[in-house]
Amino acid sequence: MRTVEVIVDVPAHQTNQTYDYLIQEGQRVEVGMRVHVPFGNRNVEGFVLGIKEDAQEADFKFALKPVYAVLDEEPVLTHELIELAKYMCEQTASFMINALQTILPAALKVGRKQAVKVKTQEMVVRVIDGVVQPKAKKQFEAVEFLLGQRLPYSATELRKQFSAPIVQSLLQKGAIVTEEQEVLRSVYNSSVYEEYVKQPLTAAQQVAFDAISAGRESGQAMLLHGVTGSGKTEVYMQQIEAVVASGKQAIVLVPEIALTPQMVQRFVGRFGEAVAVLHSRLSNGERFDQWRLIERGEVKIVVGTRSAIFAPLTDIGLIVIDEEHDSSYKQENMPAYDTREMALWRADFHHCSVIFSSATPSLETYARAQVDRYLYVGIHERIAGLMMPEVKVIDMREELHAKNLSMFSRDLLAAIRDRLDKKEQIILLFNRRGYATFVKCRECGYVVECPNCDISLTYHKTSNKLHCHYCEHQEPLPQTCPNCTSPYIKLFGQGTQRLTEALQQEFPDARILRMDRDTTSQKGSHQAIFDTFSNLEADILVGTQMIAKGLDFPNVTLVGVLAADQTLNFPDFRASERAFQLLTQVSGRAGRQRAGTAIIQTYMPDHYAIQFAAKHDYQGFYQEEMKIRKQHYYPPYCHVSSLKATAASAKEAYDLLFAIYQEFKDDEAIQIYKPVPALIARVNNQYTYQCLLKYKDKKHTLARLYDLQQKYYKHNKVSLSISV
DNA sequence: AGCACGCCGACT
DNA sequence: GTCGGCGTGCTC
Ligand SMILES: [Zn+2]
Ligand SMILES: [Zn+2]
């Protein structure tokens with residue numbers, strides 16, 4: 001008899017194992033397919049991870065139940081992806097079912113109510129010549145046209161080109177035959193993309209290119225470290241070209257905010273239809289179709305964000321992780337995987353290389369390159385012999401002394417005026433955290449908060465209501481302060497919005513564009529802003545972090561950073577690193593084609609992150625930051641994780657974590673800190689506490705963390721989660 | 001995770 | 001006497 005081993009959709013430590021089921025007569029099952037099975041007194045779905053061809057009843061200590069139904073005709077998981085899921089479990093102390101679910105797009109996950117529909121379209125599948133006489137002019141024309149087209153041809157498109165009645169009579173006469181056919185939703189229209197021509201490499205780029213080629217021979221992982229504007233993208237695009245020419249496939253990962261229409265343009269414009277695009281703003285249907293396109297082997301290059309590392313390519317020749325240092329490569333929720341580790345695993349499986357590309361590599365990656373775990377490939381000059389932008393650091397304390405209380409320093413204002421006169425463009429970065437609009441009383445300072453969470457409510461224009469971003473709660477906008485009944489209760493706008501208004505007052509004639517979450521929430525709005533600024537129809541672009549990445553404007557000669565300290569003051573050991581990276585990145589936007597200047601406004605002008613960024617001195621920053629990391633025992637000298645406990649009562653969450661703390665205190669290999677409330681202590685009336693863990697031995701620690709879930713299991717009362 | 005089973009308080 | 005609270009254990 002044949003049996004299957006199934007991972008069921010019950011995410012709990014007690015059920016984190018395979019369950020055996022009997023395959024029934026006529027059921028066609030393969031490893032990687034989804035099945036419907038009885039489980040206890042209910043029915044669940046699961047993934048087939050193994051098949052036993054000639055199992056004996058005596059092999060099992062329990063009575064086998066039958067597989068109710070096989071849900072797929074083809075496996076949704078390859079052998080490789082199943083192994084990758086196992087690796088993810090080890091790396092994150094997660095359950096197998098969660099790892100498998102994260103790997104798959106929503107449409108192929110298990111246990112979902114809303115099925116994603118296969119899209120169909122009426123297509124002309126056959127054209128019969130000679131049925132329509134030439135005197136029926138229009139109809140004849142349509143037939144002639146179709147004979148010159150590749151079939152199947154969209155009937156809707158044909159109706160648009162000719163007319164509905166004409167197509168109708170063709171159908172009636174039997175001159176054409178149509179059929180409902182499955183179509184894949186496309187996420188870009190390759191015909192509207194102009195070709196992105198191959199750029200000749202500079203000498204420095206060529207050296208890097210050759211070094212990478214050599215590294216790829218032996219499947220080495222590499223760090224491509226090039227200063228801003230050094231043309232790293234062109235180098236790895238030409239490597240991808242070589243990979244595709246050799247018949248293999250490539251994955252390119254890009255940070256969330258850098259996967260702009262311009263980025264897609266580069267790849268589609270260079271490689272055409274062989275490109276699949278996967279990003280978080282695709283609908284489930286679009287994502288599903290991109291996935292199927294990849295599975296069918298029609299895709300050579302996958303460009304996407306974090307989860308695109310799980311693309312079901314079967315013959316990978318290269319994986320590129322662009323802006324390697326970006327924090328969006330780590331998933332924050334429970335399988336808290338690091339995309340870079342997943343990439344290294346897949347590269348190992350396919351015997352190919354990973355290229356970590358960045359102008360400001362993470363300390364972890366750079367340190368690995370230092371000890372030759374990664375091959376170091378550097379490009380230390382900009383293309384076209386351009387100079388690095390000049391960076392001026394402005395001490396905002398002096399502005400205060402000079403009675404300048406505005407958001408703009410005198411130097412920045414003068415520089416803006418100068419560029420406006422010269423008809424050159426300006427980018428201003430305002431990276432203020434807490435970007436959302438909230439409601440605050442002018443008289444008593446009361447801020448409207450969610451009754452279920454420890455967070456202020458945010459205003460949504462569309463519903464004209466206050467919403468909570470962490471739970472379902474919403475309420476109408478109050479007219480008077482609930483605390484003091486004052487009528488002066490007002491919306492506080494986004495940082496960038498206020499900045500734009502202040503800027504407009506200073507420069508009434510300047511054409512100012514704003515790019516932030518608000519102004520890019522609609523489809524196509526990002527492209528529209530980009531086009532306007534590119535076409536020189538605006539002088540100043542004001543925005544959040546998203547203007548620091550993935551956008552190239554040759555006419556920009558001035559970049560201003562309004563509040564450089566925002567990133568530095570963040571309570572995180574990576575704050576300096578983040579600040580250095582952001583400042584380097586954004587000042588690199590200046591002078592892409594001619595000499596540029598960056599002006600950084602700060603209250604901490606002597607901070608080493610700002611100083612080294614101003615001097616474009618990555619090495620210097622690296623040395624200094626490594627000293628601090630060593631001193632305080634932080635990565636890359638160890639690993640850092642946080643352990644969270646969530647429960648309906650704060651005490652329960654705290655007590656459980658404290659018990660774990662007591663136990664871990666005695667483990668020499670793990671440093672554990674006392675439990676503290678999470679950043680947002682209460683969400684949806686659930687309280688979260690967290691402990692920080694530092695350790696060197698990842699395997700040992702993760703094994704212990706996994707065991708915790710068993711040992712401290714409090715039957716659905718307290719839930720534990722681990723993030724890296 | 002769900003769902004049943006089972007053991008004690010309180011209620012028509 | 002029974003109804004229902006939740007603590008405990010199991011699911012091929
Ligand atoms: Zn008030
Ligand atoms: Zn809430």
Side-chain angles (χ1 to χ4, degrees), chain A residues 1-72 77 82 85-86 88-89 92-104 106 109-114 333-336 471 643-649 651-653 655-656 659 683-688 705-722:
Chain A
M1 62 185 199
R2 296 177 76 217
T3 62
V4 282
E5 297 173 293
V6 177
I7 288 282
V8 293
D9 179 26
V10 181
H13 78 267
Q14 299 99 317
T15 52
N16 190 27
Q17 58 174 93
T18 57
Y19 288 87
D20 298 289
Y21 291 91
L22 205 57
I23 301 173
Q24 291 179 285
E25 204 59 30
Q27 285 180 331
R28 209 180 67 80
V29 197
E30 283 176 47
V31 169
M33 286 181 176
R34 295 170 297 177
V35 286
H36 204 121
V37 291
F39 194 67
N41 52 348
R42 61 206 169 113
N43 295 322
V44 296
E45 292 178 0
F47 296 100
V48 174
L49 292 203
I51 295 182
K52 291 177 184 160
E53 288 298 339
D54 44 11
Q56 301 303 313
E57 210 135 354
D59 298 344
F60 305 100
K61 294 196 257 341
F62 29 74
L64 289 188
K65 288 183 180 178
V67 172
Y68 274 164
V70 181
L71 302 174
D72 296 303
L77 286 159
I82 292 171
K86 289 180 189 166
M88 191 193 293
C89 290
T92 62
S94 307
F95 309 129
M96 189 61 176
I97 185 66
N98 289 336
L100 293 168
Q101 297 273 56
T102 350
I103 281 176
L104 290 168
K109 288 185 207 295
V110 111
R112 298 292 152 123
K113 281 280 177 317
Q114 10 67 283
N333 305 335
M334 223 342 209
C471 73
L643 182 63
K644 291 191 171 81
T646 302
S649 91
K651 191 178 183 310
E652 275 176 308
D655 288 350
L656 186 111
V683 169
N684 225 341
N685 288 320
Q686 297 270 311
Y687 294 81
T688 303
L705 287 172
Y706 182 82
D707 291 341
L708 283 182
Q709 311 186 47
Q710 209 148 339
K711 188 162 177 194
Y712 290 94
Y713 175 69
K714 286 261 206 272
H715 100 283
N716 307 354
K717 287 197 105 149
V718 188
S719 69
L720 280 174
S721 81
I722 298 139

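Predicted, not measured: the structure shown is a model, and the values here were computed from it. Side chains included, hydrogens not; waters and symmetry mates left out as well; all remaining heavy atoms used. Convention: sequence-line order gives letters A, B, ...; per-chain numbering from 1.
Residues satisfying the side chain to side chain donor-acceptor pair (under 3.5 Å) test with A:Thr3, not counting sequence neighbours, are none. Not counting sequence neighbours, A:Arg42 has no partner by the side chain to side chain donor-acceptor pair (under 3.5 Å) test. The side chain to side chain donor-acceptor pair (under 3.5 Å) search around A:Thr646 returns A:Thr688, not counting sequence neighbours. Remark: A:Glu53 pairs with A:Arg2, A:Ile51 by the side-chain contact (heavy atoms from CB on, under 4.5 Å) rule, at least two apart or across chains. The ring-ring contact (aromatic ring centres under 6.0 Å, His included) test applied to A:Tyr713 returns A:His13, not counting sequence neighbours. Taking the side chain to side chain donor-acceptor pair (under 3.5 Å) definition, one finds that A:Asp707 meets it with nothing, sequence neighbours left out. A:Glu45 pairs by the salt bridge (charged side-chain N to carboxylate O under 4.0 Å, His left out) definition with nothing, not counting sequence neighbours.
Atom CG in A:Asn16 sits roughly 15 Å away from atom C1' in C:dC12 (whole-Å rounding).
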Under 3.5 Å, N/O pairs linking protein and nucleotides 6-10 of chain C:
residue	atom	partner	partner atom	Å
C:dG7	OP2	A:Lys717	NZ	3.4

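The stretch residues 27-46 of chain A touches DNA chain B through A:Asn41, A:Arg42, each having a heavy atom under 4.0 angstrom from the strand. A heavy atom closer than 4.0 Å to some atom of DNA chain B occurs in no member of residues 49-72 of chain A.
The shortest distance between side-chain heavy atoms of A:Leu643 and A:Leu708 falls below 4.5 Å. Considering only heavy atoms from C-beta on, A:Leu49 comes within 4.5 Å of A:Met96 through its side chain. Residues A:Phe47 and A:Leu77 meet the side-chain proximity criterion, which asks for heavy atoms closer than 4.5 Å.
For the OP1/OP2 pair of C:dC12 and a distance below 4.0 Å, the side-chain nitrogens and oxygens of A:Tyr21 include at least one atom meeting the criterion.
Close approach of DNA chain B to chain A, defined as any atom under 4.0 Å from a non-hydrogen atom of the protein, starts and stops at B:dA1 to B:dA4.
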Listing, residues 19-27 of chain A side-chain donor-acceptor contacts under 3.5 Å, not counting sequence neighbours, or none:
residue	atom	partner	partner atom	Å
A:Asp20	OD1	A:Lys52	NZ	3.4
A:Tyr21	OH	A:Pro38	O	2.7
A:Gln27	OE1	A:Gln24	N	2.8
A:Gln27	NE2	A:Val67	O	3.0

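Summarising the local packing, OH of A:Tyr68 is surrounded by 12 or fewer heavy atoms from other residues, nucleotides or ligands at distances under 6.0 Å.
Between the side chain of A:Lys644 and the main chain of A:Ser721, no donor-acceptor pair closer than 3.5 Å is present.
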